[in-house]
Every structure is written in structure tokens, then in C-alpha cells.
**Student:** 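Provided herewith is a single structure, encoded as C-alpha cells, for subsequent inquiry.
The structure presented is a predicted model; accordingly, all values stated were derived computationally and were not measured.
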Amino acid sequence: FGANQGRLPWPVEKGYISSQYGKQPHPLYPNVELENLGIEITTGANAAVRSVFEGTVTKITNIEGVVIMVSHGEYFTIYSGLSSSSVKQGDKIKAKQTIGIVGKNENGENLVNFQVWKISGNNFNTVNPASWIAR
């Protein structure tokens, strides 16, 4: 996984980054900052969400939409805001395999939050996912 920075496929076939990684100003409250641990990718209705690399599905949960965590050795990818999952915990998956369907946020936009985490010892740290997917 680590050797593929900048070359991974997008987690959706078509879309654009609508919210960047890191600290962002709140859209309504100028003195409030929000921290995005991933990137938001806006896409079409019912778009397939795909794994960006081969791995193992380690967790599926539902927190404001379906969240799928995939292990790639010392890295994890997280796909959240899905309306449904087409995989189950323990599944071995391939790059570009459909793992679920994009959901809608509170504004009715079709988007997925995509995160990349790196494990170093007992530390889990987010990294900017935009630097991992192909331009």
C-alpha cells in the first residue's frame, strides 16, 4: 500500500473533492473550526463505492450512515456515509471492488468521506487521502 501513494484509484468512479482534509472554517460560525479526518467526495446518486487497494474488511458499523474499514497491513482506509454495504467483516477484497453504495448527507448531497490511517507502533494517525489517489 505504502508504495502506491499518488497512484491509488478513486473510491468512486466519478466525483470531485468537495471538502479537503484537515482544519476547515465552519460554514456558519466564523470562530469555529471543523477538522476533517478525510476528504469528502461528491458523486452521483447510487454511485458504487470501491476499495482503493486490496485488503481485508475489518469493521462495518453504522454512524450517520454505513462505515467500512479496510486493513492494508500498516494502513487502513475508511469509507463513511454509505447507504449500504455489499461486503461483510472478514471479506478479502480487491482494488476497485464495490464495497457499498454512496449515501446522502443532511443536505441531500451524494458523498462519501474517505480516510487513510497509518499505524505506527500503538499510534494511529490520519494522512491526507488526496495525496494517495491518482490525479
Side-chain angles (χ1 to χ4, degrees):
F1 187 93
N4 288 285
Q5 188 169 4
R7 298 191 305 228
L8 297 177
W10 279 56
V12 291
E13 192 172 334
K14 294 180 183 171
Y16 63 91
I17 297 172
S18 52
S19 181
Q20 298 291 330
Y21 171 81
K23 293 186 177 178
Q24 316 288 321
H26 191 282
L28 301 176
Y29 307 104
N31 296 332
V32 176
E33 275 189 336
L34 303 173
E35 184 162 10
N36 191 350
L37 299 179
I39 55 175
E40 306 284 340
I41 300 174
T42 299
T43 187
N46 301 312
V49 177
R50 317 175 303 177
S51 177
V52 297
F53 199 76
E54 65 185 39
T56 303
V57 177
T58 57
K59 181 104 174 145
I60 300 174
T61 190
N62 196 321
I63 305 169
E64 296 182 14
V66 176
V67 179
I68 301 173
M69 177 184 281
V70 179
S71 171
H72 313 281
E74 65 180 337
Y75 289 90
F76 283 88
T77 51
I78 298 174
Y79 312 78
S80 62
L82 283 62
S83 64
S84 65
S85 169
S86 55
V87 294
K88 62 186 185 310
Q89 190 170 326
D91 281 358
K92 304 278 188 222
I93 57 175
K94 298 183 183 333
K96 293 188 178 181
Q97 178 177 333
T98 297
I99 59 173
I101 300 298
V102 71
K104 291 185 182 294
N105 70 3
E106 63 276 359
N107 297 325
E109 301 165 309
N110 302 293
L111 58 82
V112 59
N113 180 277
F114 174 62
Q115 300 179 18
V116 177
W117 290 70
K118 183 175 185 198
I119 304 168
S120 180
N122 290 329
N123 297 318
F124 288 74
N125 298 301
T126 61
V127 294
N128 186 348
S131 69
W132 287 84
I133 54 178
R135 294 280 170 198

**Student:** Is there a path of hydrophobic side-chain contacts, each under 4.5 Å between heavy atoms of I/L/V/M/F/W/Y residues, joining L8 to L37?
**Tutor:**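 They do not share one cluster, since no chain of ILVMFWY contacts under 4.5 Å joins L37 to L8.
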**Student:** Is it true that a side-chain atom of H72 and a backbone atom of E54 form a donor plus acceptor pair closer than 3.5 Å?
**Tutor:**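 Yes.
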**Student:** Restricting to non-hydrogen atoms, name the atom on P129 and the atom on Q115 that form the minimum distance, rounded to 0.1 Å.
**Tutor:**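 For P129 versus Q115, the nearest heavy atoms are CG-CA, 4.0 Å.
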**Student:** Dump the intermediate steps for side chain to side chain contact (heavy atoms under 4.5 Å, CB included) on I99 and D91, then the final yes or no.
**Tutor:** CA-CA 10 Å; I99 59 173; D91 281 358; over 6 Å; no
**Student:** Working to the nearest 0.5 angstrom, can you tell me the gap between L111 CG and K104 NZ?
**Tutor:**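 Here the interatomic distance stands at 10.0 Å.
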**Student:** Among F76, Y75, F53, find the residue that satisfies the side-chain contact (heavy atoms from CB on, under 4.5 Å) test when tested with V116.
**Tutor:**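 With V116 as partner, side-chain contact (heavy atoms from CB on, under 4.5 Å) holds for just one option, Y75.
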**Student:** Pair Q97, V87 - check side chain to side chain contact (heavy atoms under 4.5 Å, CB included), show working.
**Tutor:** CA-CA 10 Å; Q97 178 177 333; V87 294; 4.1 Å; yes
**Student:** Should we count CG of N128 as having more than 12 external heavy atoms under 6.0 Å?
**Tutor:**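 More than 12 within 6.0 Å, yes.
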**Student:** Main chain of E109, side chain of N105: is a donor-acceptor contact present, judged purely on distance under 3.5 Å?
**Tutor:**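 Yes; at least one donor-acceptor contact below 3.5 Å.
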**Student:** My understanding is that only one of N110, I101, V102 makes a side-chain contact (heavy atoms from CB on, under 4.5 Å) with N46; could you say which?
**Tutor:**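 Only match with N46 under side-chain contact (heavy atoms from CB on, under 4.5 Å): I101.
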**Student:** Nearest 0.5 Å, please: how far is CD in E35 from OG1 in T126?
**Tutor:**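 Answer for the OG1-CD pair, T126 versus E35, is 7.0 Å.
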**Student:** Any chain of hydrophobic side-chain contacts (each under 4.5 Å) joining L34 to I39?
**Tutor:**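 Not linked; separate clusters.
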**Student:** Determine the minimum heavy-atom distance between V67 and S80, stating which atoms define it.
**Tutor:**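 Closest approach of V67 to S80: CG2-CB, 3.6 Å.
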**Student:** Would you please test T77 and W132 for side chain to side chain contact (heavy atoms under 4.5 Å, CB included) and show each step?
**Tutor:** CA-CA 11 Å; T77 51; W132 287 84; over 6 Å; no
**Student:** Check I41 against P11 and note the closest heavy-atom contact, atom names and distance.
**Tutor:**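 It is CD1-CG, 3.6 Å.
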**Student:** Which heavy atom of G73 sits nearest a heavy atom of I119, and at what distance?
**Tutor:**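 Closest approach of G73 to I119, heavy atoms only: O-CD1, 4.3 Å.
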**Student:** Can you confirm whether more than 12 heavy atoms, excluding those of Q5, are under 6.0 Å from its CD atom?
**Tutor:**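 Atom CD in Q5 is packed in, count exceeds 12.
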**Student:** Taking V70's backbone N and O only, do any of them form a donor-acceptor pair with S51's side chain (distance below 3.5 Å, no angle check)?
**Tutor:**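 No.
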**Student:** Hey, quick one: are W117 and Y21 part of the same hydrophobic cluster, counting side-chain heavy atoms closer than 4.5 Å, chains of contacts allowed?
**Tutor:**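 W117 does not cluster with Y21.
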**Student:** Tell me if the CG atom of N122 is crowded by more than 12 foreign heavy atoms within 6.0 Å.
**Tutor:**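 It does not: N122 CG has 12 such atoms or fewer within range.
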**Student:** List the steps, then state whether side chain to side chain contact (heavy atoms under 4.5 Å, CB included) holds for V57 with I68.
**Tutor:** CA-CA 7 Å; V57 177; I68 301 173; 4.2 Å; yes
**Student:** Is the gap between the ring centers of W10 and F114 under 6.0 Å?
**Tutor:**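 Not close enough - the centres of the two rings lie 6.0 Å or further apart.
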**Student:** If you compare all heavy atoms of G90 against all heavy atoms of T56, which two are closest, and at what distance to 0.1 Å?
**Tutor:**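 Nearest heavy atoms, G90 then T56: O-CG2, 3.9 Å.
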**Student:** What do you reckon, is CD of E33 surrounded by more than 12 foreign heavy atoms closer than 6.0 Å?
**Tutor:**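 Atom CD in E33 is crowded, with more than 12 foreign heavy atoms closer than 6.0 Å.
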**Student:** Measure from the side-chain N and O atoms of S85 to the backbone N and O of G100, and report whether any donor-acceptor pair falls under 3.5 Å.
**Tutor:**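 No, the answer is negative, given that no donor and acceptor are paired below the 3.5 Å cut-off.
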**Student:** Treating Ile, Leu, Val, Met, Phe, Trp and Tyr as nodes and any side-chain heavy-atom pair under 4.5 angstrom as an edge, say whether I78 and I60 lie in one connected cluster.
**Tutor:**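 No, it is not one cluster - the side chains of I78 and I60 are not joined through contacts under 4.5 Å.
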**Student:** Is a side-chain N or O of T58 found less than 3.5 angstrom from the main chain of M69, in a donor-acceptor match?
**Tutor:**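 Judged by distance alone, yes, a pair lies under 3.5 Å.
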**Student:** Group every Ile, Leu, Val, Met, Phe, Trp and Tyr by side-chain heavy-atom contacts under 4.5 Å, then state whether V12 and I133 land in the same group.
**Tutor:**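 In one cluster: yes.
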